[in-house]
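Inspection log for the structure reproduced underneath, given as structure tokens.
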Amino acid sequence: MTLPDSFYQRSDVVQIARELLGKVIITEKAGITTSAMITETEAYAGVTDKASHAWRGRRTQRTEVMYAAGGVAYVYLCYGIHHLFNVVTYKEDIPHAILIRAASPLEGTDIMLERRRHERLTPSLTAGPGSMSMALGIHTNDSGIWLQGPEIRLEDRRIIIPEHEIVATPRIGVAYAGEDAYLPYRFYVKGNPYVSKGKYLQQP
DNA sequence: CAAACGATTTTCT
DNA sequence: GAAAATCGTTTGG
């Protein structure tokens, strides 16, 4: 079942980030379908979260889509190279978002290997937000699209990740966010090889 | 208008 | 482990 708008339009972005583990992301680009099971996410909790692009209500052409009602994509370019895919949550004017950081390949792995110019299937194909987006063919010009259209959608395929297999840690690459860099807003599936290896700030 | 800088990944030592 | 790659967005003058 495709996740409905009501899944995204809830208020607890951290809880939704947790629930996204085990959901399946499907993309269809030029008639080619690829899919993968989400294994790692990070919540960005709106205007009070220093790590968020929308901190203190910052509103620019790039971040405008974060202020839309939940259920659309926010894709932006990072370090001039990587296209990072987020889902927008909650309601209009509240800029919650969840970064999808990694996923385990399901359908179309041959296409994903081509897109990444990889010879063999290894976790580096889709572990890490930039790698995952490239493998699935997600681009910044997908930013703002509705997550029920053909290009990108998320499905519940009744995959259950047991509570004890979910690990929470601080988020990666947000050292600039002061004390908010320590919030346990990153979630991943314990033991799954398709999880990024990035280092995060440890509690001092 | 110039300049700094990333919610990263890959490569080189 | 360190550093380069690479460019749109944002900020400051």
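The sequence lines fix the lettering, A, B, ..., with proteins before strands; numbering per chain opens at 1. Note that this is a predicted model, so its numbers are computed, not measured.
Taking the six-membered ring for Trp and the full ring otherwise, the centers of A:Y76 and A:H53 sit less than 6.0 Å from each other.
What separates OH of A:Y76 from C1' of B:dC5 is a distance of 12 Å, to the nearest Å. Nucleotide B:dG6 holds its P atom 15 Å from the CZ atom of A:R171, rounded to whole Å. For A:I172 and B:dT8, the CD1 to C1' distance is 10 Å, given to the nearest whole Å.
For the pair A:R171 and A:Y44, the distance from NZ or CZ to the six-membered ring centre is under 6.0 Å and the angle to the ring normal is within 45 degrees.
Pairing for C:dT6 is absent, with no Watson-Crick or G-U wobble pair whose two atom distances lie under 3.5 Å. The nucleotide B:dA7 finds no pairing partner, because no Watson-Crick or G-U wobble arrangement with both distances shorter than 3.5 Å includes it.
At a threshold of 4.0 Å, the pair A:K29-A:D142 counts as salt-bridged, since one of the basic side-chain nitrogens sits closer than that to a carboxylate oxygen.
Taking 4.0 angstrom as the limit, A:R101 places a side-chain polar atom (N or O) nearer than this to OP1 or OP2 of B:dT8.
No donor-acceptor distance shorter than 3.5 angstrom exists from the side chain of A:S143 to the backbone of A:T140, with no hydrogens or angles considered. Formation of a donor-acceptor pair under 3.5 Å by the A:T39 side chain with backbone atoms of A:V189 is not found in this model.
Here the side chains of A:I98 and A:T89 are in contact, with some heavy-atom distance below 4.5 Å.
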Letter per nucleotide, 5' to 3', of nucleotides 1-13 of chain C [B base touched, S only sugar-phosphate touched, - untouched; heavy atoms, 4.0 Å]: ----BBBSSSS--
